Structures are given as structure tokens and as C-alpha cells.
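Position 1 is the first residue of the sequence, and the numbers go up from there. All figures in this text were calculated on a predicted structure; none of them were measured in a lab. As the structure lists them, so they are numbered: ligands from 1, and atoms in each ligand from 1.
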Amino acid sequence: MIGVTDPPPRKTVLPGAALPDLIDRARSARGNAYAPFSGYAVGAAVLADDGRVYAGCNVENAVYGETVCAERVAVLAAVAAGARRLVAAAVVTPNGGTPCGACRQVLAEFADPSLPIAVAAPGGAARVYTLGELLPHAWGRRDLDATTPPPRTPPPRPAPRMRGPDPAARRR
Ligand code: THU
């Protein structure tokens, strides 16, 4: 985007084994999923910058709208325990489905766009995305700052000058 300079994204330093371990944690959390209505069990795990891992599963409700996704359960558990920066995430879904938009937004509050998100089906290989890939041009706290310059747009072009008599005048 022209006109707004973001600080370069911080490099995520990952211990080599972090993602496979995180996928395992997500897979076991999936075993606790409470999904009697959809039958779609999800497990998630997030790694905080202090090395701690938090897991979550989806928790459905008979009032369907009160359902909470596995990813948000994991992020909220991390934040409730004092974590503020997440450096990796893993999700295990029945079919390798990626995190929903709401969960992407909640992850974005606590992670850089470079956050790696490994997504796997229970028996399959993981695909690794970045948060920035899944949620480009994310809306964030900096957008709350009224002093942030808006994206630069070209100045409005002057209205074309009319040649000849004003057609409206002719009708008068
Ligand atoms: N679900 C998640 O846990 N994470 C997602 O990112 C997408 C959907 C859950 C919510 C609901 O319990 C079930 O999957 C079907 O939507």
C-alpha cells in the first residue's frame, strides 16, 4: 500500500520441532471437541513467545450461535494465562479446512502476519500458511488511531469543462 509504512514484520524464530509438536497438541485437543450438532471436531494449539503451548477444541451449543471455534478457545486460553504474542499455530480439522474469518481476526490481535499456521487433517500431512496469507490487509489496532494517514488516493479530477451552450439552458 502506498503512503503507509509498516514496520518490517518481526522474524518468527521457531524451534525446528515446534510445528509437528503443535500439530500433535492440536490433534489431542481435537479429541475433546464438543461437536454434537455439526459432527465437525476441531483441535487447535498456539505457541506463545515464552515457549508455552495452549490448546483448544470447538465447543458447540444447542443455541448454535454460541458455538466457539477451537482456534479461539486456544487463543483465549493463552491470553487468559498472560500470553500476548503468539509465534505459531496448528489446527486439525476433519478435512484440512482452514480457520474461519473470525478466528483469523482474533489471531491477528496477538500475532504478526508472518505467524505460521499448520493445518492438517487427522491422518494427513500439514499445509503451512501464514496469517498474512489467510487474512491479507487485516484490520488492526493501528486502524483505530485517527492520526494514521489513510491510503493515498489520487486527487479528484476537475469536472470536465463544457464546450458550447449549456444543454440545460437550451431546455429552459
Ligand atoms: N470450527 C472451528 O472450530 N474452527 C474453525 O475455524 C471453523 C469451524 C467449528 C465450529 C463448529 O463447531 C464446527 O466447526 C462447524 O462449523
Next on the checklist: Tell me whether R27 is salt-bridged to D24, with the criterion being a basic N under 4.0 Å from an acidic carboxylate O.
Outcome noted: yes

Next on the checklist: Within the structure provided, determine whether L107 and L86 are in side-chain contact (heavy-atom separation under 4.5 Å).
Outcome noted: yes

Next on the checklist: Considering P36, S38, C100 one by one, which has a heavy atom nearer to atom 15 (C) of ligand 1 than any of the others?
Outcome noted: S38

Checklist outcome for this item: Judged by heavy atoms only, the candidate from Y64, F37, Y40 nearest atom 14 (O) of ligand 1 is Y40

Checklist entry - Is the closest heavy atom of P99 to ligand 1 under 4.0 Å? => result yes

Checklist entry - Between D49 and R84, is the closest basic N to carboxylate O distance under 4.0 Å? => result no

Checklist entry - Is there at least one protein heavy-atom neighbour under 4.0 Å from atom 4 (N) of ligand 1? => result yes

Checklist entry - Can you check whether V91 reaches T93 side chain to side chain, under 4.5 Å on heavy atoms? => result yes

Checklist outcome for this item: The closest protein heavy-atom partner of atom 12 (O) of ligand 1 is E60 OE2, 2.5 Å

Checklist entry - Is there a nitrogen or oxygen of E71 sitting under 3.5 Å from a nitrogen or oxygen of ligand 1? => result yes

Show me, pair by pair, the donor-acceptor contacts under 3.5 angstrom made by side chains of residues 54-61, not counting sequence neighbours?
residue, atom, partner, partner atom, Å
Y54, OH, R52, NE, 2.9
Y54, OH, R52, NH1, 3.1
Y54, OH, R52, NH2, 3.2
N58, OD1, V42, N, 3.0
N58, ND2, Y40, O, 2.7
E60, OE1, F37, N, 3.0
E60, OE1, S38, N, 3.1
E60, OE2, S38, OG, 2.5
N61, OD1, V63, N, 2.8

Checklist entry - So which heavy atom in the protein is nearest atom 8 (C) of ligand 1, and how far is it from that ligand atom? => result C69 SG, 3.9 Å

